[in-house]
J.: 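Before I ask anything, here is the structure I am working with.
We name chains A, B, ... by the order of the sequence lines, and we start the count at 1 in each one.
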Amino acid sequence: MTARRHHFMIDRPVRVRFAPSPTGYLHIGSARSALFNWLFARGHGGRFILRIEDTDRKRYVDDSMHDILAGLRWLGLQWDEGPEVGGEYGPYFQSERLPIYTQWADWLIDNGHAYRCYCSAERLASLREEQVARKEQSGYDRHCRYLTAEQRAEREAAGDPFVVRFAIDPIDGQTTFHDAVRGEITVEHSLLQDTVLLKSDGWPTYHLAAVVDDHLMEISHIMRSDEWLPSAPLGVLLYAAFGWEPPVWAHLPVILNPNGKGKMSKRHAVAPDGSSVPVHLRDYIADGYLPEAMFNFLSNIGWSIDGSREVFTPEDAIAAFSIDSINPSPAAFPYDKLVWLDGMYIRQLDDDDLYHRLIPFVAQGVGLSETEMAARPELRPAVPLIKERIKTLTEAAPMLSFFFVDGPITYPEPAALIGDKMTAAQSLAALAATSDALSVLAEWGHDSIETCLRELAVTLGLKVRQLLAIVRVAVTAAAVSPPLFETLAILGRERTLLRLASAGEALLPLS
RNA sequence: GCCCCCAUCGUCUAGAGGACUAGGACACAGGCCUUUCAAGCCUGCGACAGGGGUUCGAAUCCCCUUGGGGGCACCA
């Protein structure tokens with residue numbers, strides 16, 4: 001990393017924006033961009049603005065708006081201005097700002113910074129084809145930029161459709177601008193296009209809409225994804241053409257696939273082992289990640305609070321965040337670390353809190369309604385038993401499902417009921433002895449069950465682990481379970497004895 | 001193909017010319033603890049992409065090479 005101490009503060013109120021387009025669910029990388037903007041705003045007494053860039057009617061996805069708002073709120077990134085909260089600089093939907101864009105497009109034309117282009121899609125396509133065939137740089141040849149007044153009048157009279165293009169000026173110059181995370185960046189104008197600002201349907205493209213809105217909304221710092229870096233000079237030139245004070249630009253590093261190959265795509269991300277990892281925030285929510293863990297995790301991609309802390313609060317992040325401490329290099333999505341972090345946060349939760357968060361996940365996992373689950377007595381006392389055994393909320397259900405079986409339990413592998421270094425007959429006898437001992441236990445509780453079983457192991461001449469392994473499988477139908485004594489205490493004597501009996505029956509044919 | 005950006009353990013990162021025998025975390029391996037599985041604790045493995053400069057001194061500044069990423073739409 002190169003040494004950076006780039007100027008990133010300017011003498012005006014901090015106003016930053018997150019400007020997603022409702023063309024799909026909230027992407028995990030977009031969420032990170034939103035988070036950085038929010039962190040910066042909160043750390044500088046600024047405003048965090050949410051603007052919806054819905055100028056592409058073809059790509060509009062119906063419920064994506066709701067998904068984006070819900071995702072931001074889930075993460076705790078409440079916006080100060082925008083949809084559902086309003087603000088002084090609205091409207092915050094670009095689809096409601098059309099007259100503003102046409103007005104400024106006209107202004108550019110009137111001042112010689114833009115022109116109407118009547119070229120057909122066919123002409124553009126064949127132009128491109130020729131350029132590719134001749135291995136030339138592809139791009140618009142500025143045909144309409146040099147139309148005479150008569151030619152222009154002719155087209156207008158004919159009512160030909162047109163787009164408005166920006167007139168890059170000078171066409172052989174260069175533009176240098178300052179990026180707050182990378183420093184000086186220079187681009188030759190010969191590489192820039194006379195980009196379309198207004199489409200033939202009258203709607204603006206991103207370049208026009210974003211610049212106009214950023215200025216009108218008095219955005220002070222533009223922190224956005226790396227993908228915009230090559231077109232940033234266009235924004236700079238646009239600000240200059242309008243004569244507006246430019247904001248501070250900061251381009252955030254892209255997030256790569258977990259295997260480090262290519263950016264995390266819109267549809268799926270691939271892990272080092274070839275498996276795929278979700279890319280939408282909603283999938284992580286559904287997978288049972290905690291918002292506080294996700295917040296912490298996202299903060300750690302492309303930025304770090306210091307050299308030693310991995311786990312920190314939003315308050316600490318706000319206090320420490322600065323644009324020039326953003327790492328410019330692309331980062332592979334560290335999925336394993338998310339899983340670990342989520343486990344950390346789960347362990348830090350108090351039991352009641354975790355219980356409430358667990359209800360919907362466990363209910364769904366075992367096929368009960370949330371109301372039914374809330375009414376069951378087993379989940380709450382089981383929380384401390386699984387707290388340090390789960391890394392996401394969804395992992396609880398398979399671990400606890402045996403608690404929610406009221407009828408007879410089945411053993412997929414009856415042989416698992418045979419104790420270590422024991423015969424089936426010996427195991428059967430141990431099961432019977434356990435049943436006898438537990439049935440006469442005066443008090444049904446963790447301590448008494450533990451004393452009883454430990455003594456029984458001695459009586460039977462078995463190692464404690466041998467006996468407990470048999471009982472564990474008998475009661476939970478699994479070799480791995482939460483701690484056994486607590487588990488029995490929660491399960492209750494009746495169901496425990498029932499299962500001990502079922503286990504005996506399952507073992508009988510093997511002895 | 002052209003342009004732009006980036007380059008420290010497998011991965012996320014600390015590093016602002018001397019405090020570097022390059023630090024932390026995840027993952028991985030081993031050990032302790034232990035009723036299974038976890039959690040926790042301890043230990044280990046493991047990197048400055050390569051080559052030239054500048055300097056008394058370079059992970060750090062410059063150049064080249066290589067590698068990786070992004071962008072080249074009437075999408076954002």
J.: Which nucleotide, if any, forms a Watson-Crick or G-U wobble pair with B:A7, using both distances under 3.5 Å?
T.: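 Across all strands, the one nucleotide that pairs with B:A7 is B:U66.
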
J.: State plainly whether the residues A:E53 and A:R51 are in salt-bridge range, i.e. N to O under 4.0 Å.
T.: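 Looking at A:E53 and A:R51, the cut-off is met.
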
J.: Is the phosphate of B:C26, meaning OP1 or OP2, less than 4.0 Å from a side-chain N or O of A:N300?
T.: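 Negative; the distance criterion is not met.
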
J.: Give a yes or no on whether a salt bridge exists between A:D420 and A:R465, defined as a side-chain N under 4.0 angstrom from a carboxylate O.
T.: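 Answer for the salt bridge query: no.
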
J.: Dump the pairs, protein N or O against N or O of nucleotides 40-46 of chain B, anything under 3.5 Å, distances to one decimal.
T.:
| from | atom 1 | to | atom 2 | distance (Å) |
| --- | --- | --- | --- | --- |
| B:G40 | OP1 | A:R347 | NH1 | 2.9 |

J.: Could you check whether A:H251 and A:D226, counting side-chain N and O atoms only, form a donor-acceptor pair closer than 3.5 Å?
T.: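 Per modelled atom types, A:D226 and A:H251 side chains form no pair under 3.5 Å.
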
J.: Over all heavy atoms of both residues, which pair between A:A331 and A:I301 is shortest? Give the atoms and the distance, please.
T.: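 Closest approach of A:A331 to A:I301: CB-CG2, 3.9 Å.
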
J.: For the pair A:Y206 and A:W228, name the ring-plane relationship: parallel under 30°, tilted 30 to 60°, perpendicular over 60°.
T.: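 Answer is parallel, since the angle falls under 30°.
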
J.: Check every strand shown and say whether A:S481 touches a base, only sugar-phosphate, or nothing at a heavy-atom separation below 4.0 Å.
T.: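 Base: the residue A:S481, judged by heavy atoms under 4.0 Å, touches a nucleobase.
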
J.: When we call it a touch if two heavy atoms are under 4.0 Å apart, what does A:Y335 touch: a base, just sugar-phosphate, or nothing?
T.: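 Since no nucleic acid heavy atom lies under 4.0 Å of A:Y335, the category is nothing.
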
J.: With a sphere of 6.0 Å drawn around CD of A:E413, does it hold more than 12 non-hydrogen atoms of other residues, nucleotides or ligands?
T.: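 No, not enclosed.
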
J.: If the plane angle is over 60° it's perpendicular, under 30° parallel, otherwise tilted; pick one for A:Y284 and A:F333.
T.: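 Correct class here is tilted.
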
J.: If you measure from the C1' atom in B:G40 to the same atom in B:C62, how many Å do you get, rounded?
T.: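 Roughly 49 Å separates the two C1' atoms.
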
J.: Between A:E156 and A:R152, is there a side-chain N and carboxylate O pair less than 4.0 Å apart?
T.: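 No salt bridge links A:E156 with A:R152.
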
J.: Nearest 0.5 Å, please: how far is OG in A:S427 from CG in A:L507?
T.: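 Rounded to the nearest 0.5 Å, the CG-OG separation comes out at 6.0 Å.
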
J.: Can you list everything that forms a side chain to side chain contact (heavy atoms under 4.5 Å, CB included) with A:N296? Sequence neighbours excluded, please.
T.: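 For A:N296, the residues satisfying side chain to side chain contact (heavy atoms under 4.5 Å, CB included) (neighbours in sequence not counted) are A:N300, A:V311, A:F312, A:L341, A:Y345.
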
J.: Counting side-chain heavy atoms from CB outward, which of B:A76, B:C26, B:U13 is closest to A:A331?
T.: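 When the side chain of A:A331 is considered, B:U13 is the closest of B:A76, B:C26, B:U13.
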
J.: Using a cut-off of strictly less than 4.0 Å, decide whether A:R454 has a side-chain nitrogen or oxygen near OP1 or OP2 of B:U35.
T.: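 Yes.
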
J.: Considering only B:A14, B:U35, B:A76, which nucleotide approaches the side chain of A:E486 most closely?
T.: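 Nucleotide nearest to A:E486's side chain: B:U35.
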
J.: Got a sec? Which of residues 456-473 of chain A come in under 4.0 Å of RNA chain B, heavy atoms?
T.: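 Heavy-atom cutoff 4.0 Å gives A:R465, A:L468, A:R472.
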
J.: Just how far, in rounded Å, is P of B:C26 from CG of A:L298?
T.: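 Distance check: A:L298 CG to B:C26 P gives 19 Å.
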
J.: Would you tabulate the pairs of protein nitrogen or oxygen atoms and nucleotide nitrogen or oxygen atoms of nucleotides 20-23 of chain B closer than 3.5 angstrom?
T.:
| from | atom 1 | to | atom 2 | distance (Å) |
| --- | --- | --- | --- | --- |
| B:G23 | N2 | A:G307 | O | 2.9 |

J.: To the nearest angstrom, how far is A:F177 atom CZ from B:C4 atom P?
T.: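 The answer, rounded to whole Å, is 12 Å.
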
J.: Thinking salt bridges, do A:R309 and A:D316 make one under a 4.0 Å N-O criterion?
T.: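 Looking at A:R309 and A:D316, the cut-off is met.
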
J.: Got a sec, which pairs hit salt bridge (Lys or Arg N to Asp or Glu O under 4.0 Å) with one end in residues 471-487 of chain A, sequence neighbours left out?
T.: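 Of all non-adjacent pairs touching residues 471-487 of chain A, none passes salt bridge (Lys or Arg N to Asp or Glu O under 4.0 Å).
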
J.: For B:A76 and A:T23 - does any side-chain N or O of the residue sit under 4.0 Å from the phosphate oxygens OP1/OP2?
T.: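 Checking B:A76 against A:T23, no side-chain N or O comes under 4.0 Å of OP1 or OP2.
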
J.: Strictly below 4.0 Å: does A:K391 bring a side-chain N or O up to OP1 or OP2 of B:A39?
T.: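 For B:A39, OP1/OP2 do have a side-chain N/O of A:K391 under 4.0 Å.
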
J.: State whether the distance check finds a donor on one side and an acceptor on the other, under 3.5 Å, for side chain A:R389 versus base B:U36.
T.: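 Yes.
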
J.: Which nucleotides of nucleotides 67-74 of chain B have their base under 4.0 Å from a protein heavy atom (B), which only their sugar-phosphate (S), and which neither (-), written as one string 5' to 3'?
T.: --SBS-SB

J.: Within a reach of under 6.0 Å around CZ of A:R347, are more than 12 heavy atoms found that belong to other residues, nucleotides or ligands?
T.: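 Atom CZ in A:R347 is crowded, with more than 12 foreign heavy atoms closer than 6.0 Å.
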
J.: Do the ring planes of A:W303 and A:F321 sit parallel (below 30°), tilted (30 to 60°) or perpendicular (above 60°)?
T.: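 Judged by the thresholds at 30° and 60°, the geometry between A:W303 and A:F321 is tilted.
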
J.: Please evaluate the base of B:C5 for a donor-acceptor partner in the side chain of A:R182 within a cut-off of under 3.5 Å?
T.: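 Checked by distance alone, the answer is no.
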
J.: If you assign each of A:L484 and A:P253 to its closest nucleotide in RNA chain B, which residue comes earlier from the 5' end?
T.: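 It is A:P253, whose closest nucleotide lies nearer the 5' terminus.
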
